[in-house]
Amino acid sequence: MKLIIDIGNTVSKMVAFRGDEPVDELRAEYGQLSGLASFGSRYAFRSGIVGAVRDLTADEEEALSRLPFPLLRFSADTPVPISNRYRTPGTLGRDRLAAVIGARQLKPGKDLLIIDAGTCITYEVVDARGNYWGGNIAPGMHMRLRALHEFTARLPLVEAEGVVPGMGYDTETAIRSGVLRGMKYEIEGYIKSMRSKFPHLLVFLTGGDKISFDTNIRNSIFSDRYIVARGLNTILDYNEKEIHASHLTPMNYET
């Protein structure tokens, strides 16, 4: 068993993996890893990996330090099973790269577009040969809704849940429809553009934000909420194999 820890901007996810498949999950709010000790004692974990998109809090560091098994810290220097063509790998979000590797683990040898709709919407492209070419970052749903309120004098803060007409008939529906339909058209535009370059492109969608697509688009998208965790799990496996093959001590492990 392996423990996969994905620390995001708003939520941290702890996922237990048996081989290549997730079997259990625990979530914690920003700044803490509450429940990690009890979750860790529930299974016989032999190793783990943590990927974070931000600096960890003192409480999080303390919780990780108490784990009784080796923990790999995923960093820009960690070997990965793809060719990273990003020009500034040190600034590349760990979740972005892990999502690419997770999608490729599910669909090896394919051209892939991975869309993660969370705090931000990220778009990542990896080709059939395993070359990661980079991607784009855009504001997520709640960031867009907040921005309309915070950067204007009179627009209200609108909830994402509610009626989404084709054209808004009052200020609330105008904002909600503008944001949600704007995201829908944006994502569909990315898919269309990338398929003009990669005719056999496969598309993965993950993240917490729910977007309503037309049937033909929805049926062409793979959805997997464990894409990032799968990628971290694959990275952990890859490094353990490399370490075993070279008889080296893993310098970026914690004990």
Side-chain angles (χ1 to χ4, degrees), residues 1-81 93-103 105-106 114 116-120 122 140-142 204-210 223-244 249-255:
M1 294 290 292
K2 295 162 289 182
L3 177 59
I4 311 304
I5 305 173
D6 171 23
I7 298 179
N9 286 302
T10 55
V11 175
S12 296
K13 287 163 277 189
M14 295 154 273
V15 186
F17 267 76
R18 180 178 290 113
D20 292 333
E21 292 302 318
V23 297
D24 198 1
E25 178 183 12
L26 178 69
R27 293 183 174 229
E29 297 301 318
Y30 177 90
Q32 55 184 317
L33 293 173
S34 55
L36 177 59
S38 59
F39 188 72
S41 64
R42 196 180 307 169
Y43 300 97
F45 291 118
R46 60 177 176 80
S47 61
I49 183 172
V50 57
V53 301
R54 56 173 174 79
D55 294 335
L56 303 188
T57 66
D59 287 344
E60 289 170 329
E61 291 285 6
E62 175 67 17
L64 293 175
S65 71
R66 293 181 178 277
L67 293 175
F69 48 81
L71 184 69
L72 175 65
R73 300 274 188 144
F74 180 34
S75 73
D77 298 321
T78 305
V80 294
R94 307 292 176 261
D95 56 337
R96 295 175 60 193
L97 188 56
V100 168
I101 294 169
Q105 189 267 332
L106 290 174
I114 300 94
D116 190 341
T119 304
C120 296
T122 58
M141 180 188 299
H142 296 285
F204 279 90
L205 177 65
T206 190
D209 288 346
K210 304 301 180 183
S223 180
D224 191 317
R225 65 191 182 98
Y226 291 111
I227 283 292
V228 174
R230 289 185 189 277
L232 291 171
N233 180 64
T234 301
I235 293 164
L236 177 59
D237 287 346
Y238 182 76
N239 280 272
E240 287 183 336
K241 290 176 182 177
E242 290 294 302
I243 291 163
H244 178 74
T249 301
M251 298 303 293
N252 54 347
Y253 269 79
E254 294 186 341
T255 57

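- Shown here are the side chain to side chain donor-acceptor pair (under 3.5 Å) partners of Glu60, two or more places apart in sequence or in another chain: Arg54, Thr57.
- In terms of the side chain to side chain contact (heavy atoms under 4.5 Å, CB included) criterion, residue partners of Thr119 (sequence neighbours excluded) are, by chain and number, Asn9, Thr10, Met143.
- Using a distance-only test at 3.5 Å, with no hydrogens or angles considered, no donor-acceptor pair links the side chain of Thr234 to the main chain of Ile101.
- In this view, Arg18 satisfies the salt bridge (charged side-chain N to carboxylate O under 4.0 Å, His left out) rule with no residue, not counting sequence neighbours.
- Legend: residues meeting salt bridge (charged side-chain N to carboxylate O under 4.0 Å, His left out) with Asp24, ordered by chain and number and at least two apart, are Arg42.
- Taking the side chain to side chain donor-acceptor pair (under 3.5 Å) definition, one finds that Glu62 meets it with Arg66, sequence neighbours left out.
- Taking Asn233 as the reference, Lys2 meet the side chain to side chain donor-acceptor pair (under 3.5 Å) condition, with sequence neighbours excluded.
- Remark: Glu29 pairs with no residue by the salt bridge (charged side-chain N to carboxylate O under 4.0 Å, His left out) rule, at least two apart or across chains.
- For Ser223, the side chain to side chain contact (heavy atoms under 4.5 Å, CB included) criterion is met by no residue, not counting sequence neighbours.
- Residues forming a salt bridge (charged side-chain N to carboxylate O under 4.0 Å, His left out) with Asp6 (at least two apart in sequence, or on another chain): Lys13.
- Under the rule for a ring-ring contact (aromatic ring centres under 6.0 Å, His included), the partners of Phe204 that lie at least two apart in sequence or sit in another chain are Phe222.
- Using a 30° and 60° split on the angle between ring planes, Phe39 and Phe45 fall in the tilted class, from 30° to 60°.
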